[in-house]
Structures are given as C-alpha cells and as structure tokens.
Amino acid sequence: MTDHDDFLAWVRTTLCEAEVALHNGDAAPRRALWSHTEPVSVLGAWRGAVGRDALDSLFTDLAQGFSDCTSFEYELQAYDVSGDMAYTVGLEHTSASVEGQPRTYTLRAPRSTAGRTARGRWHTATRTP
C-alpha cells in the first residue's frame, strides 16, 4: 500500500467515523485523531481554537450541540501526501440535529492537514473552513 492509499483509507474510515461520532454527540473519536504535539489549531466557522486545551473545549462544545446524525459524506475534491504531511480539500455533507433541530447542510472546502507519528498513524494538526 502506498502512502497515498494509506492516507485515503484513513480519511475514508477513521476520519469520517470520527465526524459521524461528533455529529452524534461523541467528541472522543475526533479528539483521539488530533496530534498531541503542538501546534494544533482549528480555524472554524463557528469558533476557532489554538492548542490542545482549547481544542478539547471546542470539541466538547461541538458534540454537545449535535445529535442524531443520519448522514455524513465527505466529498473529497483534492488531496496530497508528501512524506509525513498530507492535506485534504472537500465538502462535508451532513444531516444531523443541531441544538435539537434537524438540519441538512454542507460545509464548503474544509481542509485538514495531518502528520504521521513515529508509529505510522495519521493525526490531524489543523483544520480550516
């Protein structure tokens, strides 16, 4: 398996599963994907965060507002892998309840940059809308 294949498999399984969990009110899988090595950041549409403590707070707050995810699709538009760094650009199509109200929405072109640890696992380091 090439680095590109390995990264795409991670995006299509582990990363997407973590997003579904978040949209069902569980922040733990997303939190587990993020690097524990600074710097880490989210430049989010709702609110941003820099540093692990701020990320943990953001993920908890996001999860508390989401429930009942009925659909999540990550439409990958571009990606690349170079050594231990990779990025994605795509659209997130989501149907879930937000603050108890059913919603269907698309987040345009979120980008996630990931770095591989010494153990060969991908971890997210930054995310922008």
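We're numbering straight along the sequence, starting at 1. Just the heavy atoms: all of them, side chains too, but no hydrogens, waters or symmetry mates, feed the values below. Quick caveat, the model's predicted, so the values are computed rather than measured.
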| Could you give the distance from CZ (R103) to OG1 (T70), rounded to the nearest 0.5 Å? | 13.0 Å
| Are F66 and L107 connected, step by step, through hydrophobic side chains (Ile, Leu, Val, Met, Phe, Trp, Tyr) whose heavy atoms are closer than 4.5 Å? | yes
| task | Could you tell me which non-hydrogen atom of E38 sits nearest to which non-hydrogen atom of G51, and how far apart they are? | result | OE1-CA, 3.4 Å
| request: Give the cluster check for Y79 versus M85: same hydrophobic cluster or not, with ILVMFWY residues linked at side-chain heavy-atom distances below 4.5 Å. | output: no
| query | Around atom CG of D5, are there more than 12 heavy atoms of other residues, nucleotides or ligands at under 6.0 Å? | reply | yes
| said: To the nearest 0.5 Å, what is the distance between CD on Q64 and CZ on F59? | reply: 14.0 Å
| request: Work out which heavy atom in G83 is nearest to a heavy atom in D3; give both atom names and the distance. | output: O-OD2, 4.3 Å
| said: Any donor-acceptor pair under 3.5 Å linking the side-chain atoms of R31 with those of T60? | reply: yes
| Any idea which heavy atoms bring C69 and N24 closest together, and the distance? | N-OD1, 2.7 Å
| task | Kindly say whether A21 contributes a backbone atom to a donor-acceptor pair with the side chain of D26 at under 3.5 angstrom? | result | no
| said: Using only atom types and a distance under 3.5 Å, with no angle test, would you say the side chain of Q77 pairs donor to acceptor with the backbone of L91? | reply: no
| field | Which atom of L58 lies closest to which atom of A49, heavy atoms considered | value | CD2-CB, 4.0 Å
| query | Just checking, any donor-acceptor pair under 3.5 angstrom between side chains of T113 and T126? | reply | no
| field | M1 reachable from V11 in the ILVMFWY side-chain graph, under 4.5 Å edges | value | no
| task | Can you spot which of R127, E17, H23 makes a side chain to side chain contact (heavy atoms under 4.5 Å, CB included) with R30? | result | R127
| field | Note, W34 side chain near R52 side chain (heavy atom, < 4.5 Å) | value | yes
| query | What are the two closest non-hydrogen atoms of Y74 and V89, and how far apart are they? | reply | OH-C, 3.5 Å
| In the single-linkage hydrophobic clustering (I, L, V, M, F, W, Y; side-chain heavy atoms under 4.5 Å), do V50 and V40 co-cluster? | no
| remark: One should read off an interatomic distance between W10 CH2 and T88 OG1, to the nearest 0.5 angstrom, of 8.0 Å
| said: Looking only at the side chains, is there a donor atom on one of D80 and H4 sitting less than 3.5 Å from an acceptor on the other? | reply: yes
| note | Between R47 and S57 the two heavy atoms that sit nearest each other are NH2-OG, 3.2 Å
| Partner residues of D6 under the side chain to side chain donor-acceptor pair (under 3.5 Å) criterion, sequence neighbours left out | R116, W122
| message | In the structure I gave you, are the side-chain heavy atoms of L15 and T124 within less than 4.5 Å of one another anywhere? | response | yes
| said: If you apply the rule side chain to side chain contact (heavy atoms under 4.5 Å, CB included), what do you find for T2 with V81, and how did you get there? | reply: CA-CA 10 Å; T2 68; V81 177; over 6 Å; no
